[in-house]
Amino acid sequence: MSSTGAADHVQARDASTVILIRDGLSRPGIEVFLLERVGGMAFAGGMTVFPGGGVDPADAAADVRWAGPPPSWWAERFATDEGRAQALVCAAARETFEECGVLLAGSTPESIVADTAPFAAERGRLERREISFAEFLTAHDLVLRADLLRPWSHWITPVGEARRYDTRFFVAVLPEGQNADGETSEAASVSWRSTGDALADWRSGNTILLPPTWSQLDALSRFDTVADVVAHEREVTPVLPVLTRDDGTVRVLFDGDEDYYAGTRHPWSDRRDEAR
């Protein structure tokens with residue numbers, strides 16, 4: 001049966017998620033950067049996710065130096081207005097820096113920061129919301145490299161959840177010379193995994209993947225190299241799953257969900273908190 005109640009009226013908050021990829025170091029195929037979120041967090045606690053988070057009002061700042069496709073291009077790809085598109089791209093770059101230390105910015109439109117270690121203090125201040133991403137970029141005379149991001153997917157948390165996000169997924173290649181880490185308060189652990197290994201971990205019950213994360217890994221498993229992913233022109237259409245509850249079991253219905261539910265157990269679905 002479908003859920004009812006106050007949660008049905010929760011508005012979805014804009015969010016950006018970045019799938020950070022690289023070519024496999026020891027064997028063919030691509031690898032993705034994954035974080036296991038700290039248990040007990042209000043959203044997706046204990047689950048394996050990509051870097052990302054909610055859009056901050058400051059992400060819409062208009063004075064960011066920008067390289068690559070303009071906000072109008074992103075607005076068209078994500079079916080939104082230019083102001084929102086700019087905020088989504090800024091949030092994607094900011095969250096990637098906050099959560100794994102990868103900075104998609106450079107001193108010129110053609111360059112990228114080779115070492116992010118000197119910005120460790122500012123990274124902490126960004127995570128604590130003491131400064132905005134625009135203020136950080138301006139202070140260091142950095143250009144946001146929007147051209148290093150690719151639009152990938154668009155998922156909206158189902159109606160009926162107490163916390164809802166309208167999330168645009170981006171793909172970004174790990175910049176040469178930079179390292180992704182787990183120096184964030186939100187991650188219990190981090191790792192680079194091949195898409196095949198990440199899905200195998202999930203099927204074996206070692207990790208928990210929500211439907212959007214599983215869907216992106218499943219799609220990326222069809223590519224052999226980073227170059228193939230970057231060259232792929234992916235059409236982005238919104239996915240709004242349907243949330244159902246029956247005898248205390250939650251199920252999220254979406255196209256392709258048969259493979260998702262056939263794969264493994266879903267501990268997150270055994271919930272009896274009807275007021276969520």
Side-chain angles (χ1 to χ4, degrees), residues 15-25 30-37 48-56 59 64-69 74 87-129 131-137 139-153 167-195 198 213 216-217 220 225-227 229-230:
S16 295
T17 292
V18 177
I19 308 167
L20 196 62
I21 62 174
R22 70 182 186 187
D23 285 313
L25 300 183
I30 65 172
E31 296 179 340
V32 295
F33 185 78
L34 295 167
L35 304 91
E36 180 186 342
R37 286 170 65 86
T48 297
V49 300
F50 305 111
V55 172
D56 190 278
D59 291 323
V64 174
R65 293 176 63 203
W66 187 286
W74 291 98
L88 288 164
V89 172
C90 286
R94 174 180 55 75
E95 287 285 344
T96 304
F97 182 47
E98 288 180 14
E99 295 202 352
C100 59
V102 171
L103 183 56
L104 303 177
S107 58
T108 70
E110 297 80 25
S111 66
I112 190 161
V113 170
D115 181 10
T116 65
F119 304 123
E122 286 94 335
R123 179 180 171 188
R125 294 183 65 198
L126 280 165
E127 189 173 9
R128 295 188 298 271
R129 297 297 181 267
I131 57 173
S132 70
F133 193 52
E135 289 171 335
F136 164 70
L137 293 175
H140 295 280
D141 198 22
L142 294 174
V143 181
L144 174 62
R145 291 289 306 276
D147 57 326
L148 300 180
L149 291 161
R150 296 288 186 276
W152 188 255
S153 189
T167 305
R168 271 68 168 198
F169 286 80
F170 301 76
V171 164
V173 181
L174 177 69
E176 185 175 354
Q178 291 195 27
N179 295 307
D181 61 37
E183 299 300 319
T184 171
S185 61
E186 296 186 7
S189 64
V190 301
S191 62
W192 283 98
R193 306 289 287 167
S194 72
T195 53
T213 311
Q216 313 319 313
L217 287 170
L220 285 167
T225 67
V226 162
V229 177
V230 172

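Counting all heavy atoms, side chain and backbone alike, A180 lies closest to L20 at CB-CD2, 4.1 Å. The two residues A91 and V55 make their nearest non-hydrogen contact at CB-CG2, 3.8 Å. The two atoms that bring R145 and T108 nearest to each other are CD-O, 4.3 Å, heavy atoms only. For the pair V143 and S107, the tightest heavy-atom approach, listed with the atom from each and the gap, is CG2-O, 4.1 Å. Smallest separation of non-hydrogen atoms from S153 and Q216: CB-OE1, 3.3 Å. Considering all non-hydrogen atoms of both residues, L142 and R65 come closest at O-CB, 4.0 Å.
For the atom pair C100 SG and E183 CD, the distance stands at 11.5 Å (nearest 0.5 Å). Going from atom SG of C90 over to atom CG of L137 covers 7.5 Å, rounded to the nearest 0.5 Å. L144 contributes atom CG, which lies 7.5 Å from atom CG of L104 (distance to the nearest 0.5 angstrom). For the atom pair CD1 (I19) and CG (L220), the distance works out to 5.5 Å, reported to the nearest 0.5 Å. Within the model, atoms CZ of R125 and CD1 of I131 stand 4.5 Å from one another, a figure rounded to the nearest 0.5 Å. In this structure, E95 CD and F170 CZ are separated by 11.5 Å, a value rounded to the nearest 0.5 Å.
Within the structure, salt bridge (charged side-chain N to carboxylate O under 4.0 Å, His left out) pairs that include any residue of residues 169-181 comprise R123-D181 (at least two apart or interchain).
Remark: side-chain polar atoms of T116 are not paired, donor with acceptor, to backbone N or O of V102 under 3.5 angstrom. Between the D23 side chain and the V226 main chain, a donor and an acceptor come within less than 3.5 Å of each other.
Evaluation of the ring-ring contact (aromatic ring centres under 6.0 Å, His included) rule for W192 yields F33 as partners, not counting sequence neighbours. For E31, the side chain to side chain donor-acceptor pair (under 3.5 Å) test picks out R22, with sequence neighbours left out.
Salt-bridge formation is not detected for the pair R94/D56: no Lys NZ or Arg NE/NH1/NH2 atom is positioned less than 4.0 Å from an Asp or Glu carboxylate oxygen.
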Steps toward ring-ring contact (aromatic ring centres under 6.0 Å, His included) verdict (F133, F97): CA-CA 10 Å; F133 193 52; F97 182 47; 7.0 Å; no
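Looking at L35, L217, L34, T213 one by one, the single match for side-chain contact (heavy atoms from CB on, under 4.5 Å) with T48 turns out to be L34.
L103 places a side-chain heavy atom less than 4.5 Å from the side chain of F119. For the pair D147/P69, a side-chain contact is recorded, criterion being any heavy-atom separation below 4.5 Å from C-beta on.
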